[in-house]
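Down below is the structure, laid out as structure tokens.
Sequence lines set the chain letters: A, B, ... in the order given, protein chains first and strands last, and positions in each chain run from 1. Note that the coordinates shown come from a computational prediction; the quantities given were computed from them, not determined experimentally.
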Amino acid sequence: MARVVVDVMPKQEILDPQGQAVARALPRLGFDGVTSVRQGKHFELEVDDDVDDATLAKIAETFLANPVIEDWVVRRVDA
Amino acid sequence: MARVVVDVMPKQEILDPQGQAVARALPRLGFDGVTSVRQGKHFELEVDDDVDDATLAKIAETFLANPVIEDWVVRRVDA
Amino acid sequence: MTSTQPALGGRIDTVEHAAATPDHPQPYRELGLKDDEYARIRDILGRRPTDAELAMYSVMWSEHCSYKSSKAHLRYFGETTTDEMRAKMLAGIGENAGVVDIGDGWAVTFKVESHNHPSYVEPHQGAATGVGGIVRDILAMGARPLAVLDPLRFGPADAPDTKRVLPGVVAGIGGYGNCLGLPNIGGEVVFDPSYAGNPLVNALCVGAMRVEDLHLAHASGVGNKVMLFGARTGLDGIGGVSVLASETFAGDEAGGGRKKLPSVQVGDPFTEKVLIECCLELFRSGLVVGIQDLGGAGLSCATSELASAGEGGMRVELDRVPLRAEGMTPAEILSSESQERMCAVVRPDDVEAFLRVCAKWDVIAVEIGEVTDTGRLQVHWHGETVVDVPPRTVAHEGPVYERPVERPADQDALVADGPERLARPSTPGELRETLLRMVASPNLASRRWVTEQYDRYVRGNTVLAQPADSGMVRIDEETGRGVAVATDCNGRYVKLDPYQGAQLALAEAYRNVAVTGAVPLAVTNCLNFGSPEDPGVMWQFQQAVRGLADGCRELGIPVTGGNVSFYNQTGGTAILPTPVVGVLGVIDDVRRRVPAGIGAEAGETLLLLGDTRDEFGGSEWAHVVHGHLGGRPPAVDLAREKLLAEVLVAGSRDGMVSAAHDLSEGGLAQALVEAALAGQTGCRVVLPADVDPFVWLFAESAGRALVAIPRSEELRFTDMCSARGLPWTRIGVVDPASKALEIQDVATVDLAELRAAWEGTLPALFD
Amino acid sequence: MTARIGVITFPGTLDDIDAARAVRSVDAEPVALWHADADLRGVDAVIVPGGFSYGDYLRAGAIARFAPVMTEVVRAARRGMPVLGICNGFQILCESGLLPGALVRNAGLHFVCRDQWLRVENNETVWTTRYDAGAEILVPLKNMEGRYVADPATLDELEGEGRVVFRYLVDGDASQRYLGIDSPNGALNHIAGIADARGRVVGLMPHPEHAIDALTGPSDDGLGMFLSVLDALVAA
Ligand SMILES: Nc1ncnc2c1ncn2[C@@H]1O[C@H](COP(=O)(O)OP(=O)(O)O)[C@@H](O)[C@H]1O
Ligand SMILES: [Mg+2]
């Protein structure tokens with residue numbers, strides 16, 4: 001059994017109102033010094049050992065992320 | 001300028017309908033071997049160098065995550 | 001995760017073990033049971049309860065499930081319901097939801113419920129699961145859920161915590177309801193400091209079915225199977241019961257780790273949507289003998305209620321329940337409040353077909369037991385008996401308290417401190433300023449920021465929704481038959497006089513239904529109060545129940561169900577007593593609905609129906625301008641309300657009324673503003689010569705409505721009012737050419753200025 | 001011969017009964033299509049209705065596009081069958097590649113349900129011939145992820161080829177801007193709906209099927225879309 005993490009983020013050029021809302025709210029809550037925030041999705045998958053990297057890449061590209069609007073990173077982590 | 005990542009996940013014992021929906025869909029798309037999926041949020045923050053870890057922890061706990069139903073991890077990454 | 005758990009053998013507290021270990025200490029107090037209640041359980045069973053039994057009794061005998069403080073008072077609803085009122089009631093108090101016959105073979109069911117505390121802890125999920133729960137109640141009657149309403153109360157609009165709670169609640173209600181495909185057709189948003197630590201999140205659902213399809217929760221037919229279907233069962237909402245785990249497995253991982261479990265549940269609206277469609281297909285296929293939703297108290301409630309309503313016995317194999325968490329104990333499974341689950345009783349021959357329908361909808365379903373004639377609810381866990389109880393003692397024979405009732409000592413002082421001493425505006429300039437200030441105040445400002453987050457169109461049958469006096473949906477596309485629903489309550493009135501205040505809530509909801517042209521038919525309620533252990537709160541409760549019940553009898557419409565929420569208080573301070581009243585009306589053809597906006601026809605006459613008196617006790621004006629609450633609430637005259645409703649319905653039937661809007665908080669001024677803005681049409685108002693304009697514009701006298709009558713119908717309509725003895729006053733004309741509300745000798749305000757004031761408030765606060 | 005128009009139901013689809021009602025209201029025959037069937041039952045056109053297919057938990061439309069019925073829809077669309085995606089249906093058509101771009105969270109971050117004025121920018125698609133070019137219509141808009149985005153090249157192409165079919169009308173009505181956003185959801189170029197290159201596949205966020213009768217909608221302006229496709233099918 002392996003643990004895989006996929007992070008999916010809105011592309012730089014796509015407006016990210018969720019991240020902006022966070023960035024705007026922080027100073028109001030008394031937190032200064034945060035200059036930018038972007039918000040995306042974080043997936044944690046448990047996969048059988050025989051699932052290879054190519055399959056994982058495919059899952060991320062065709063399903064977890066939409067390449068039109070999002071970038072993504074797949075990494076295996078120690079369980 | 002430092003880059004900070006905060007991952008926020010639904011607590012283990014809390015229902016995660018989003019992760020479940022993904023997990024249920026994968027076999028239908030022809031991807032086998034993924035036994036569990038959990039879905040959370042991924043934040044990327046740019047912060048001034050003088051923002052310390054305690055402040056980051058506070059931002060995550062009081063704002064980015066909802067401690068009632070979520071766990072979170074804060075880490076600094078190389079920009 | 002799997003549904004089969006390893007047999008835990010001796011570690012589970014079985015009936016046999018309980019009988020053998022009478023002195024084993026049990027954490028019943030931590031579970032909320034009093035000494036005498038625990039003693040009674042031992043008495044009933046003739047031994048100490050097992051952990052699982054203790055868990056069942058403790059949740060089922062809680063205030064929330066057993067109504068132990070309110071039962072003695074709620075009986076009054078039954079006692080005051082006459083046979084005549086009962087004539088159209090197909091199911092009443094005691095069922096999941098009340099059902100009324102609306103004609104043409106249609107039955108309608110509706111109910112309102114609270115999810116107050118969870119919505120304070122986790123506004124989004126708390127409110128979302130509140131919607132989910134009430135929708136399953138309606139579904140369990142055999143009805144298709146048609147629409148929801150959400151009466152809400154929050155602390156001060158500008159309080160920081162309200163900025164946390166309100167947007168979360170609204171997003172939760174919208175997120176769940178929108179995804180279920182249920183139009184949101186109304187509700188309330190009220191701000192008052194007393195709700196600061198206790199927001200009220202009430203949710204109402206209305207559903208419809210053919211009369212013959214009414215499904216009641218009965219587990220009848222020995223040998224019939226008990227099916228559990230929907231979501232898996234997890235550790236949701238078992239905060240209290242995890243005490244048992246830690247007692248039994250002191251120091252062990254499962255027990256220790258669970259002590260801090262949040263009692264928050266996360267909703268899965270998609271699963272619920274599929275569950276709804278699945279249930280409706282099961283009903284259509286005739287595969288269900290009895291059905292029960294799993295709400296608070298989960299399987300404990302569903303199994304004990306099903307069993308005691310049917311043949312009196314049930315056997316359950318608890319290890320078959322599909323689980324989401326590992327190592328759950330029987331006590332935990334029985335008390336889990338995991339959402340989106342239902343329990344059905346099915347004939348053995350139909351089980352296969354039942355499972356097929358569930359599979360089509362991708363709904364997990366398992367047979368967990370069967371109906372027996374043993375008179376006992378027996379629950380097994382890997383072959384051992386962990387529960388063996390008479391089900392009625394769990395579900396219906398909980399404790400009943402006669403709590404002390406006492407009129408609060410400061411009530412007299414409150415009533416004595418009337419609004420007469422408050423400075424009133426008198427010059428045109430002051431009146432104009434008051435009007436704009438009132439219109440922009442949080443309780444009177446446009447609710448659009450909230451309602452725009454709710455889908456009001458889905459299913460294509462919404463005929464009236466916000467802004468409207470009541471929501472209205474079409475039920476029969478052929479005939480146009482439909483229903484209208486409104487909820488109301490002014491907690492300030494109730495505080496000043498709980499008996500009369502409850503009647504005013506009833507009167508307002510009734511009036512809101514009638515102004516749309518529907519005939520009021522039935523009542524539901526959600527009684528939100530402080531602690532029942534406070535005699536003053538119990539007095540408010542008792543008075544409110546009596547007022548509501550007596551009022552219903554006078555109006556001739558029955559209370560068909562409701563919900564009680566106690567302990568809404570912060571420290572020693574209770575919320576304003578808030579008996580939210582929902583009234584349902586029927587309209588034979590929704591095409592004759594009457595909207596609130598004026599200007600549909602050129603040159604309508606504006607009439608004010610009813611009497612206007614100098615009544616400002618508990619008024620919005622006293623609250624907004626002076627921060628004052630005292631004196632007496634407006635007088636209530638239910639005979640007048642009935643007459644007004646008859647006139648409004650007759651006017652709609654004969655096509656004499658082109659718009660109607662009831663008067664409530666903010667009085668005539670507010671009604672005029674809303675009617676003009678809704679119709680996007682100006683008007684000229686001329687108040688009678690001999691009256692005090694301030695009183696006429698802002699008093700909150702009950703039993704009034706503003707109507708717009710086409711010029712050609714004016715005589716016929718006023719003749720009808722006069723003939724029936726309903727006072728009317730001609731107060732102006734609609735002016736399609738005008739873009740202003742012009743009140744002669746008082747003020748002229750452009751609609752644009754009014755709109756900016758009215759619509760700006762909530763966005764400025766919550767965006 | 002009445003036209004047969006398929007209406008797909010996925011788990012979580014909500015506006016299928018409304019789409020079917022709209023089809024009936026122009027005297028065409030709605031044909032229910034089930035997500036799990038790889039079969040279009042010989043229909044002449046398909047509507048992918050609104051709702052929250054599979055809860056829209058991952059991304060709106062992301063799971064639905066893999067349904068067996070969608071494989072058939074994509075195949076039929078490539079052969080020229082008229083396809084209309086409304087709201088969630090539009091999202092599904094984008095996810096499945098029949099239409100370019102994507103729909104993301106409203107810029108105001110809230111679900112928005114309102115009566116929305118639209119301008120008909122292209123009245124030559126099979127779904128819009130009944131409208132005058134530049135006509136302004138009032139139709140309900142209700143969604144959480146309605147902000148149309150695409151890369152600059154795609155936008156140029158859509159604009160250049162006249163494939164923007166509907167645009168949100170945001171001028172003149174101050175109430176439209178109360179969220180501080182220049183359109184109901186921040187869509188690029190105020191795009192509310194687009195078409196494929198042949199003008200046979202159309203997707204839009206607002207709901208024409210909820211504007212077929214002033215009793216239950218803000219207008220009957222939506223009827224034109226269903227009448228348009230009927231004209232095309234009958235002429236064919
Ligand atoms: N929380 C809510 N959810 C849905 N609709 C609401 C909500 N609050 C208010 N509304 C709607 O907004 C409109 C105005 O509300 P309100 O002024 O309280 O009505 P009334 O005074 O007639 O009872 C009504 O259509 C009401 O149903
Ligand atoms: Mg009203």
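With rounding to the nearest 0.5 Å, the separation of CD1 in B:I14 from CG in B:N66 is 9.0 Å. One distance of note links CZ of B:R75 with CG of B:L56; it measures 13.0 Å at 0.5 Å rounding. Atom CD of B:Q20 is separated from atom OG of B:S36 by 9.5 Å, given to the nearest 0.5 angstrom. Atom CD in B:Q39 sits 10.5 Å away from atom CG in A:L45 (nearest 0.5 Å).
Heavy-atom pairs under 4.5 Å with chain A peak, among B:V51, B:I59, B:V22, at B:I59. Your options are A:V4, A:V47, A:D32, and the one with the most heavy-atom pairs under 4.5 Å with chain B is A:V47. When each of A:K41, A:Q18, A:R38, A:E44 is checked for heavy-atom pairs under 4.5 Å with chain B, A:E44 comes out on top.
Applying the salt bridge (charged side-chain N to carboxylate O under 4.0 Å, His left out) rule to B:R76 yields the partners B:D53; only residues at least two apart in sequence or on another chain are considered. The side-chain contact (heavy atoms from CB on, under 4.5 Å) search around A:D49 returns A:A2, not counting sequence neighbours. The salt bridge (charged side-chain N to carboxylate O under 4.0 Å, His left out) check on B:D50 picks up nothing, with sequence neighbours excluded.
The two residues B:G19 and B:D16 come nearest to each other via the heavy atoms N-OD1, 3.0 Å. Between B:A65 and B:W72, the shortest heavy-atom contact is CB-CE3, 3.6 Å.
For residues 6-13 of chain A, a heavy-atom distance under 4.5 Å to chain B picks out A:D7, A:M9, given by residue number.
Contact annotation for A:V37: both backbone and side-chain heavy atoms come within less than 4.5 Å of a heavy atom of chain B. For A:F31, the part sitting under 4.5 Å from any heavy atom of chain B is the side chain, from C-beta outward, and nothing else. Of the atoms belonging to A:L29, it is side-chain heavy atoms, and not backbone ones, that fall under 4.5 Å from chain B.
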